[in-house]
Amino acid sequence: QVQLVESGGGLVQPGGSLRLSCVTSGFTSDNYVIAWFRQAPGKERERVSCMKRDGRTYYADSVQGRFTISRDNAKNTVYLQMNSLKPEDTAVYYCATHIGGLCFTAASQYRDWGQGTQVTVSS
């Protein structure tokens, strides 16, 4: 059974940085993609980034140039480096996986989810 555990969230001032981690376990297939989503109060769950197995990455327009997704296969961990944080980045951040080779944007396409980590950007 797939398990995803996020960590690294917290309270940070505008302009600051955080690095989120997602430790994965239980995968039985190499044919998957991993993504970071976020959900703020009153908003739909939004895909902020995604990485395919071939290393190709995708970003939402709202975070492009500020966030970077990366992975360490030896540690079974995916990261989201978040720089130049803004108050509008405040949300619960989730990692999620989709069995297949496409980096879909819709949350409904992802089967396994972590429990989320809170990121709050406030002065």
Side-chain angles (χ1 to χ4, degrees):
Q1 190 171 45
V2 173
Q3 185 177 31
L4 308 173
V5 181
E6 303 98 333
S7 63
L11 175 64
V12 64
Q13 295 187 41
S17 297
L18 286 172
R19 189 177 75 162
L20 306 183
S21 299
C22 176
V23 179
T24 70
S25 63
F27 285 108
T28 59
S29 174
D30 290 332
N31 188 31
Y32 70 93
V33 299
I34 190 161
W36 285 97
F37 284 79
R38 67 185 182 187
Q39 189 163 26
K43 294 186 177 180
E44 295 291 322
R45 189 166 294 190
E46 173 191 29
R47 194 198 76 180
V48 299
S49 188
C50 184
M51 175 176 281
K52 294 182 177 180
R53 292 292 292 177
D54 64 7
R56 290 187 178 271
T57 59
Y58 303 85
Y59 298 93
D61 289 343
S62 58
V63 307
Q64 200 165 53
R66 299 187 297 119
F67 290 12
T68 303
I69 189 171
S70 62
R71 69 187 179 202
D72 186 335
N73 289 332
K75 297 180 179 180
N76 297 315
T77 301
V78 63
Y79 304 96
L80 185 68
Q81 178 67 44
M82 306 185 296
N83 298 326
S84 302
L85 283 162
K86 305 174 181 179
E88 50 263 47
D89 295 318
T90 296
V92 178
Y93 284 72
Y94 303 88
C95 57
T97 60
H98 166 68
I99 304 302
L102 302 178
C103 244
F104 292 114
T105 60
S108 62
Q109 295 295 115
Y110 293 80
R111 185 177 68 180
D112 297 297
W113 294 80
Q115 292 185 318
T117 185
Q118 176 71 48
V119 173
T120 302
V121 185
S122 179
S123 60

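Heavy atoms only: backbone and side chains are in, while hydrogens, waters and symmetry mates are out. A quick note: this is a predicted structure, and the numbers were derived from the prediction, not measured.
Hydrophobic cluster membership differs between Leu18 and Val23, with clusters built from Ile, Leu, Val, Met, Phe, Trp and Tyr side chains linked at under 4.5 angstrom. When hydrophobic clusters are built by joining Ile, Leu, Val, Met, Phe, Trp and Tyr residues whose side-chain heavy atoms come closer than 4.5 Å, directly or via intermediates, Tyr32 is not grouped with Tyr110. Cluster annotation: Val2 is not connected to Val78 through the hydrophobic network of ILVMFWY side chains, with a link wherever side-chain heavy atoms come within less than 4.5 Å. Linking Ile, Leu, Val, Met, Phe, Trp and Tyr whenever their side-chain heavy atoms come within less than 4.5 Å leaves Ile69 and Val33 in two separate clusters.
Under the 3.5 Å distance criterion, with hydrogens and angles disregarded, a donor-acceptor pair is assigned to the side chains of Arg38 and Ser62.
When side chains are defined from C-beta on, Ser49 does not count as touching Phe67, because their heavy atoms never get closer than 4.5 Å. Side-chain contact between Ser7 and Thr117 is absent, with no heavy-atom pair separated by less than 4.5 Å. Using a 4.5 Å heavy-atom threshold, the side chains of Val12 and Met82 count as separate. Within the 4.5 Å cutoff, the side chain of Thr24 has no heavy atoms near those of the Asp112 side chain. Using a 4.5 Å heavy-atom threshold, the side chains of Thr68 and Tyr79 count as separate. With a 4.5 Å cut-off on side-chain heavy atoms, Tyr94 and Leu4 do not count as touching.
Heavy-atom neighbours of Arg111 CZ from other residues, nucleotides or ligands within 6.0 Å: at or below the threshold of 12.
Between Tyr93 and Glu6, the shortest heavy-atom contact is O-OE2, 4.0 Å. Shortest non-hydrogen contact noted between Asn73 and Arg71 is OD1-CD, 3.5 Å. The heavy-atom pair separating Val48 from Val63 by the smallest distance is O-CG2, 3.4 Å. Ser123 approaches Pro14 most closely through the heavy-atom pair N-CD, 3.6 Å. Gly116 approaches Val92 most closely through the heavy-atom pair CA-CG1, 3.9 Å. Taking all atoms of both residues into account, the shortest heavy-atom contact from Arg66 to Ser84 is NH1-O, 3.1 Å.
Between atom OG of residue Ser21 and atom NZ of residue Lys75 there is a gap of 9.0 Å, rounded to the nearest 0.5 Å. Lys52 contributes atom NZ, which lies 6.0 Å from atom CG of Leu102 (distance to the nearest 0.5 angstrom).
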Given Trp36 and Met51, is the side-chain contact (heavy atoms from CB on, under 4.5 Å) satisfied, shown in steps?
CA-CA 9 Å; Trp36 285 97; Met51 175 176 281; over 6 Å; no

Test side-chain contact (heavy atoms from CB on, under 4.5 Å) on Thr90 and Gln118; report intermediate values, then the result.
CA-CA 8 Å; Thr90 296; Gln118 176 71 48; 4.0 Å; yes

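Close placement of the Trp113 and Phe37 rings is indicated, their centers lying within 6.0 Å of each other.
Judged by distance alone, with hydrogens and angles left aside, the side-chain atoms of Arg45 form no donor-acceptor pair with the main-chain N or O of Ser108 at under 3.5 Å. Counting only distance, with no hydrogens or angles, the side chain of Gln115 and the backbone of Val5 share no donor-acceptor pair below 3.5 Å. Remark: the backbone N or O of Cys103 is paired with a side-chain donor or acceptor of Arg47 at under 3.5 angstrom. At distances below 3.5 Å, not a single donor-acceptor pair connects side-chain atoms of Gln3 with backbone N or O atoms of Gly26.
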